[in-house]
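Just so it is clear, the values below take in all heavy atoms, side chains as well, and ignore hydrogens, waters and symmetry mates.
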Number of protein chains: 2
Amino acid sequence: MSFSRDNLKGFILALISSGFIGASFIIKKKGLRRAAAASGVRAGVGGYSYLMEPLWWLGMITMIIGEVANFVAYAFAPAVLVTPLGALSIIVSAVLAHFMLNEKLHQLGILGCIMCIAGSIIIVIHAPQEQPILSVQEIWIMATQPSFLLYVGSVVILVFILVFHFAPQYGHTNVLVFTGICSLMGSLSVMSVKALGTSLKLTFEGNNQLIYPETWFFMLIVAICVIMQMNYLNKALDTFNTAIVSPIYYVLFTSLTILASVIMFKDWDGQNAGTIISEICAFIVVLSGTILLHATKDFERSSSFRGNYSQLSPTLSSRLCNGNGDSPQHEEQNEP
Amino acid sequence: MSFSRDNLKGFILALISSGFIGASFIIKKKGLRRAAAASGVRAGVGGYSYLMEPLWWLGMITMIIGEVANFVAYAFAPAVLVTPLGALSIIVSAVLAHFMLNEKLHQLGILGCIMCIAGSIIIVIHAPQEQPILSVQEIWIMATQPSFLLYVGSVVILVFILVFHFAPQYGHTNVLVFTGICSLMGSLSVMSVKALGTSLKLTFEGNNQLIYPETWFFMLIVAICVIMQMNYLNKALDTFNTAIVSPIYYVLFTSLTILASVIMFKDWDGQNAGTIISEICAFIVVLSGTILLHATKDFERSSSFRGNYSQLSPTLSSRLCNGNGDSPQHEEQNEP
């Protein structure tokens, strides 16, 4: 277990992030309920009384703290470590919902939680150690290596085909179109967030990177990718049931992010086959746990906990956009 | 991934064993169905027409081959590797039942299979390498070390308390009493099977161990443990539903066997913390997968596949004893 100090920092930040993001959904939901009880109008129906509810704002702040921690985690630890740990926020919100919102967790849901934790531990143990990065130019060299440019090129072409060819025809019938677009863009978001985060980390350490155009370029890429991702995540959530979108999005987004990170940061170079296979298996376990949690969510309670799709996204804005997290439209779709 | 030749042999034997044992249940069940169709009397109701059915005997032979492979696997690889792989026979029988008996696998059952496979791969990757054993006396020294004698002593005392104090009062109401007795004895069965198997392996290699009284002592212990285990497994299965007994038995039996093996063969000595934690997590994943498979078995089909409890046992006799594997008593209990 060769766990570097930076990996440990990133790991702890990812845990804090999952805790805050998981808790934020519960706090916001409590705020929404209280606002609805006070005004008689629900947020999804057009009421904005939740904006007067301090609990809702507390949830919002909790989420922002979680997002910032997540952003900083990427600056310290490899995406292969940070991204799958996002699943832990689902556990936090499921457990908190069980105790605080009285939304009982199904027995198989508990099994899903155990799996997510077991898989996460194996991922953490086998996480690769990244080479220390000393300047934004180093990241620029990684980002412009032929194999990563090939990845970026493939993603851009795929997104174009999906947006202009498939979206108009199948976007509203096949869940993979919108989810695919935001997962593909999501993998680029994380890579650019990681580049930007590392540059800012270096800047804070006294090694100013803002003088280099590469830093500003990465900032631009972050903005473009995050807006695209956010836009199509909202389309996916508007069109399909959260319970269907969430696990598919999590699987696609996490897989593509790991692929992108392995290509760009060569996370798996110098690791032996056994370690890589263990990581992949552990990742499959976390995915299965996530799917199990989502699948069993609606087994016993018809009005299940909504809105925890967005902790699967690495971006703050996509969450702000779906901030109220409790739209009756999704709930209606979910009724059998 | 330091995988010794002996570990590889043990691994392949364990895979073959799971394949044969998993298939045997399907073949026997097909035989039972055919016999019932021909005679009009079911096995559980007292019919013995299945003894005239070649398919049932083919299933029996398949099972014996699987059991022998399992026995030999223990002679080559550590119990920490061989025992959890027993879960794969559940997958084989579930998949074969899906295709050959038309007993549809629930979607979450497929997830359970994926988990069992992913967990098994991680276990195999992290399996410890055993010191080569050169004579039965070496095993004798391991078996008589104070820590293992303490384990054996605790097991014997616990079994006595369970048999004489708890069994009469709670045996028929608490599933843990009978299941606990056969799991505790099962861990000793595996250790003695491993001792005997290693002695026989050495004998076949030309290094005769039958001249030592220790070999015959281990043979006696195998017989005693297996008979005890078999007896209480039957009691558990007669009293409770197979679907409840199987996962509990698998969890208890595999955990105790790993504990016994770690104490006696010092499987975890010289392994780093990360490897041991990975093994434990992977083991938890396999257990969760097994529980998921069992839990979802009855989701869609009321008449679910019975009789695959016994591949969880390491002993041939316990299976021979429940050979017909399709008692109407259990099926009745299983109806909601």
Which of B/I123, B/I117, B/I122 passes side-chain contact (heavy atoms from CB on, under 4.5 Å) with A/C281? Answer is B/I122
side-chain contact (heavy atoms from CB on, under 4.5 Å) with A/S288: of B/L111, B/V285, B/L108, only one passes, and it is B/L111
- Item | CZ (B/F20) with more than 12 external heavy atoms under 6.0 Å | no
Margin query: Tell me if the CZ atom of A/F283 is crowded by more than 12 foreign heavy atoms within 6.0 Å.
Written below: yes
Whatever's closer than 4.5 Å to a heavy atom in chain B on A/L292 counts as both
To the nearest 0.5 Å, atom CD of B/Q107 lies from atom CD1 of A/I291 at 10.0 Å
